[in-house]
Amino acid sequence: MDSALIPKGVERCPLGRFLAFIAIVGAVLLWGVVAMFLIYIKGLNQTNMNNAYGFALWIWADLAVIALGGGAFFTGLLRYIFGKAELKNIINYAVLIGFVCYSSALLILAIDVGQPLRAWFIFWHANVHSMLTEVAFCLTCYFGVLTIEYIPLILENRQIERISFFRHLAHNMHGIMAVFAATGAFLSFFHQGSLGGVSGVLYGRPFGFRSGIGIWPWTFFLYTWSAAACGPCFTILVTRITEMATRKKLVKDEVIDLLAKIAGWMLVTYIAAKIVDTVYWAAVTAPAMGFTLMDFYTNNPGSAYGLWILIAEVGLCGVLPALMLIAPSVRRNARLLFLAVLLAVLGACLNRWVMILQMQAVPVLPFERWFTYFPSWQEIATTILPVAYGIILIAFSYRYLPIFPQEAELNPLPEGGR
Amino acid sequence: MDQPKNKRYGMVIDLDKCTGCGACMVACMAENNIPFRDDDTDKLLSVSWMHVYRLSNGKPFPQAEECFLPRPCQHCEGEHGHSPCVSVCPATATDYDMHTGIVSQIYTRCFGCRYCMAACPYHVRQFNWWDPVWPEGMERALNPDVSVRMRGVVEKCSFCYSRYQTALNRAYVEGRRELAEEEYQTACAQACPAGAIVFGDLNNPRHRVHRIVQPDLAHGGRPRNPKAFRLLERLGTHPKVYYLTGRDWVRRAGDNEVQKS
Amino acid sequence: MEEPKSSAPSSRSEPGQGGQGDGAGGAIILFFILGLAASLLVGWVAFPALLYSEKRQPVDFNHALHNEIVDHGCASCHFFRADGGFSGAPKLAQCIECHREANSDDPEEIRFVEEYVKPGREVPWLVYARQPDCVFFSHAAHVRLGGIDCAVCHGPMGESTSLRPYQENRITGYSRDIWGWNIAGIKRNSWDRMKMDDCAECHAQARVPGGSVQTQKDGCFVCHK
Amino acid sequence: MKIDRRSFLAFVLGGAAGTALSPLPWKLTDDISIWTQNWPWTPVPPKGETTYVDSTCTLCPGGCGIRVRRVEDRVVKIEGRNDHPVNRGGICPLGAAGAQLLYSPWRVRQPLKKMDGRFVPVSWEQAIGEIAGVLRELREAGTPEAVAWIADTDRGTTAELCRRFLTVYGSPNFIRTPCAQDAWETALYLTQGQRATAGFDLERATFLLSLGSGLLEGWGTPPFVFRARGALKDNNGRFVQAEARLSKTAAKADQWLPILPGSEGTLAFGLIHVLLKEGRERKPFVAAHTAGLEELKRQALQEAFSPEAVAQATGLEAKAVVELARAFAAAERPLAVCGRGAGRVPGGLQETLAVHFLNALVGSVNVEGGVIAVPEPEYIRWPEPEMDAVASKGMQTPRVDGAGSERYPHARYLLNRLPEALLQGDRPAVRVLFVSGGNPFYSLAGGERTEKALARIPLIVSFSPFLDETAAAAHYILPAPTHLERWEDVPGAAGYPKPVVGLARPVVPPRFATMPTADVVLRLARRLGGPIRAAFPWESHEACLRQTLGPAWETLRRKGFAVEEGFKPQPFETASRKFEFANADLKRLAAFRPLPAPGDPGAFKLTLVPFDTLRLTAALGAPPFLVKALESEILLKNDIRVEIHPQTARDLGLADGADARITTPQGSARVKVYLTEGIRPGLVGMARGLGRGAHDRYLAGKGVSANRLLALVEDPSSGLEAGWGIRARLERA
């Protein structure tokens, strides 16, 4: 049926099975859309947020997907600026994943505000002092960049490519992609950092606050660094999951290995900086505000934010995957590599969770208690919505666009095939 | 245009006098059109600009002691007006006014991102999770000097700014530019039957707040009165709400302290 | 299944495309212009007409006529109250001071007396300059303190012999005078528009010292409540 | 020309470009955001001229001066009057929420008559006519005493008109709702011979000993008491609270004595014991102005009141009792007060006498900083009404509540005894009951038995402006205007040590077809005719007020209040012209005996003690702002939380917030528990004022009413209601 749209030299599953898959994921998407409309119509009372938990699951999801979408800018940086040519075999997918992540982030942000119809005030009446302003501007700009990076991919569809204008457009866009990669890296540096600043500048919140270098708190750099480290891990993770789902090898091992190695060293440096930051925070910043480290982690029945979470974030999901990824033997073992990137991805998610959710759980006024929060189904549904949307977009892109340049080579068609 | 001298409006609440009766809360609700709901018992979902905390010394019966701590917006000055909430608002919906020292909140500008709520360590900022609804007829008691807030925006105590505006209006009509101390008082200070809340200009040595607190204005307004303290002094938020107490444990409950052992 | 080779039609179409180009180019331009013209027409003519509903004032008041008779100009009827507020549109009680009975055979005045004075019904004036509820506008500060003339914001209202129609924005419910009668928002006189930017513009010109930490301009609470 | 895809695309592109170049998208975006800033369903209060009207608050017996802010004809805010001697600018939460009562959608809008269990609107003519008809029948049957009237005050023109009506009609059964003043007034009469209310010069006392009084929980006139406590603080005075619970009052006291509940009287006698034993009474005063000290000594120096025995009874240490007595005696101006909680339950007469004796021993009676006998206002001087035979005969019958009887000769009103009286006989003693204030159907303890008793009355007429529990149970509701819509003279402010009269005025015109209760009385009198009509020569309540007040009317109207600033208490009016610790009347009283909580301690291991909070009221319910301000330690969702000590909770296996069932001999209810170190182990603290069967949706159906779980306890010395708690059981639910 749709074979005219499928890239040359590769095989795709029957349309029926594809549509069945889309229908299943689409049902999940629909569930999210229902929740979204419920929230738009009835308001944010549909969530379990409250006045102590003004930021919750959604902001975490935003921060997490943006961190994981960091694979796009960092791979682009490596490919176009640092000239790691091998990465051209994964850059398409990195861009696609980035696009999914960033569009999801914008979608969630649009749900998360109390007055979506005047959310544009953030641009029109921007407050230059606010990290969120910086995030909004850079995020929107970078989403534009990602769109520009994604367009040539769409144009490479077999049918679209037949139109000379689009073919030339795609070709020309490829030619100047380095400019966009550089712009993307620049923008990402700022908004990833600004997201770190979101909690880092809150001097009323000793758990989140990190003293600053110039105008930026340390979390500014830590977030950028961790996005650069964990973003590629997420790219690898999704690539591997895609390979499992399609039961095909899509990217050559040496490409993955190179990306994993770079990510590993990024993670090593990041986690070293993170440890320094944590120690300084625990020993200097927080005590100056009247808090000991254990004030943040104990006596919180119902919240369960024990010291385990710090150990999990820094040790299990930080140091461990970092060490794993820099070890060539681990990288060569598909299972261990998968585990390592998975841990690194979890580490980034955990870090974002802690910096937003735990920050608000910790009582600052001595006579207040720990605050607890569990998301409502509407929040969960709208957070899963982008996941479903991402899967669908990836599925369509994979099916109809030449995302993986090495796919045809790695999966030669049997004689008589296309 | 010449401008009157800058004010630094602030408040002193005598915790030894406060009885926790709640008149301040109710007076505030009536003055500022605070909405109410069928079930307002979850205080984290309820809007109340003034909240009276119940503090306990944590000792067993019969050594147990309690204290009530009314908490309006602290109107933090931070460093040069950069209070924790003001600088984070992406849409300039909240601002610090150097002329009055009041942290404003413009509901029609706010689009409900709630970053300011995450930034405020005092939990003075509250979100309108629901549309405000008044039972039929009761909307007649709404005060036209204060805008009614719509669902989806953050609100907080304004030191009854509308009372400042109307007092100034009266003064202008009478040909004056300056207000006497008693002309501008917040609803809570006016209502307090125990006389526990004193409000005025911290910059003005004749005002009672200044005389009680003796603020060290060169150092963020730190109180020189040894009985006075501010909530979370160590954070450097420099609030303009001061508390008085003679009880040591109450004073200690106002800030976090790393125990030196 | 379709033909596996699909490059042939694509290469065939290319010269054809070029061939069609010239003829189609004109059509394309024409359609572009058509679309442009239609949307401009919609945006500049139809949209404003749809956006505003027109209402007539309940009584056609003659400002010029009254202005000749009264002693204190605008302030004769629009005055400061003891509470510091501004009276705005007069209450019926004020009108009755002179209009207990019709003073002339002007049919509008007779109708006014019949419909409002006799039954004691307040006149539901439509206030051109009514600001949104979030706005705190102090007449005292502007008139008493700033010495600003009424006309600076309200225009030569006092010279009008008839009340112009009131247009209400169907979406916002506010008077068209706030956005201004020019749909593009172009203003020639200080009273042509009454949006926040216009307030801010005048405040900047008058060098009202700003107390805002965020904007270095006026504090928000100066004009909001 | 072919219209193909590309032409269409061009058209769309041109359209997009044109749209972008037109004001449409930009103006629309702006207007939509303006729409969100002014959603049509979010109300915008109309602007207008602000004016202030001074009046007097009549929501409680306090009589604070209020300043009502109006915008045009709307009441938007109620503030305290700065120049009012009682509250000096302060206001209590209820007073501040007063506008919500005015604008409550649950007000009764016109006279209602209950038909087949449902209220139907009737005209004033019809309602008054029908009630007059029943009254006429009763009179014709020669049983005018079967009419009773419950009011929340017996002072002021409205109350006096009601009482006068009953008198000329022929019924002695005018009953004031109970309060601590009942005991104090009797104590003043018995010891000082003065018919007066007790005022407390709290502002000038230097040592304040409160025996269970909720000074900060509604006792007396709250703003006055609050300010006085602040003054005590400023003067370095001392404030000691003896109470089983760490109430707000106890929390703000300089010293909290967590005595066993119900042991207040014993403690007072214990202190007297120490004072007398150690000779610490103020001898000059005692010698010059008192009589009967020997008798008091005989009474107080019993072994039962020795520090050790008192320690046993109160749960304090003997040393603490002795020290307290010494400190009290040593203070410059010591003052002891009693009347538990907000003072809505009178408590035992002997207990109040003990406290009053304590004051007398240290000379704190009718002096600065002491208990002051404030004479009842005398501006109401109407001629004695002409009574016909029926009325005279009716007035000779004993009161239905037993007040003034052989057994309780000094009691004036004993509403608590009414339920039992109603349950006697085949026909209830009361055939018609008028209720103007006090909401007895809610505020009387006794649970179902009380309800059953009151339900026996065939005709109940409520004057409540709101649909409260009493109104809901009534057969007619003749709604009075609210406190902001009517004239009312307000004599005295509860506990204020000077005579003061305030005037409440209509701040806004009545919203509904209501009628002041006094006007209903006048109309009823006119209907009944004859001597009844003749006793009421006034056109309306307002006219009556004008004539009654005479020249004072103009002053009151202008100023809003009149206070006797230079007031000096009158000399004692006993036979001896002295303060009498003993006399014949006192001797006839049943001896002091601490009253136990009803119930079998074996079956009910715990004791339920009710407490008051300013954020709830007994009679009025609570306007939405008060319910909103209610602590989550008291109300959580729809569940009331009861206070228990963690030790008690452990014994019962209850965690904080757990669901539990409380059972008393009177009834049972579901509650949630709140664990606090601020209550004595073995006690269960429960706020009064919830569990409403009527009122608005912000209050109705939330929690349970303590009164339904409590029993009526009769003080043997006076007949007054003296219940302070009841035995109870708490189980996990």
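From a predicted model like this one, the values you see are computed outputs, not experimental measurements. Letters A, B, ... mirror the listed sequences (proteins, then strands); counts begin at 1.
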Under 4.5 Å from any heavy atom of chain B, what part of [X] do you find: side chain, backbone, both or neither?
X: D/Arg511; answer: side chain
X: D/Val71; answer: side chain
X: D/Lys637; answer: both
X: D/Asp73; answer: both
X: D/Pro46; answer: backbone
X: D/Arg680; answer: both

Set of residues satisfying salt bridge (Lys or Arg N to Asp or Glu O under 4.0 Å) with respect to D/Arg697, sequence neighbours excluded: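 D/Arg697: salt bridge (Lys or Arg N to Asp or Glu O under 4.0 Å) contacts with B/Asp38.
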Presence of salt bridge, D/Glu677 and B/Lys59, under 4.0 angstrom: no
So, B/Asp145 and B/Arg163, do they make that salt bridge, N to O below 4.0 Å?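 Between B/Arg163 and B/Asp145 there is no salt bridge, as every charged N stays at least 4.0 Å from the carboxylate O atoms.
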Could you have a look at B/Lys17, B/Met150, B/Arg140 and say which one has the most heavy-atom pairs with chain D under 4.5 angstrom? B/Arg140
Contacts of residues 19-33 of chain B with chain D (heavy atom under 4.5 Å): B/Thr19, B/Gly20, B/Cys21, B/Gly22, B/Ala23, B/Met25, B/Val26, B/Ala27, B/Met29, B/Ala30, B/Glu31, B/Asn33
Return each pair, listed once, that meets salt bridge (charged side-chain N to carboxylate O under 4.0 Å, His left out) where at least one residue sits in residues 124-139 of chain B; pairs must be two or more places apart or across chains. B/Asp131-B/Arg151
Pairing residues for D/Asp30 by the side-chain hydrogen bond (donor to acceptor under 3.5 Å, both in side chains) criterion, not counting sequence neighbours: C/Lys195
Could you tell me whether B/Tyr164 and B/Phe159 have their ring centroids closer than 6.0 angstrom? no
Is the NZ or CZ atom of D/Arg67 both under 6.0 Å from the centre of the six-membered ring of D/Tyr52 and within 45° of that ring's axis?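 Output yes; distance and angle both within limits.
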So do D/Tyr674 and D/Ile644 actually touch side chain to side chain, heavy atoms under 4.5 Å?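 Side-chain contact under 4.5 Å: no.
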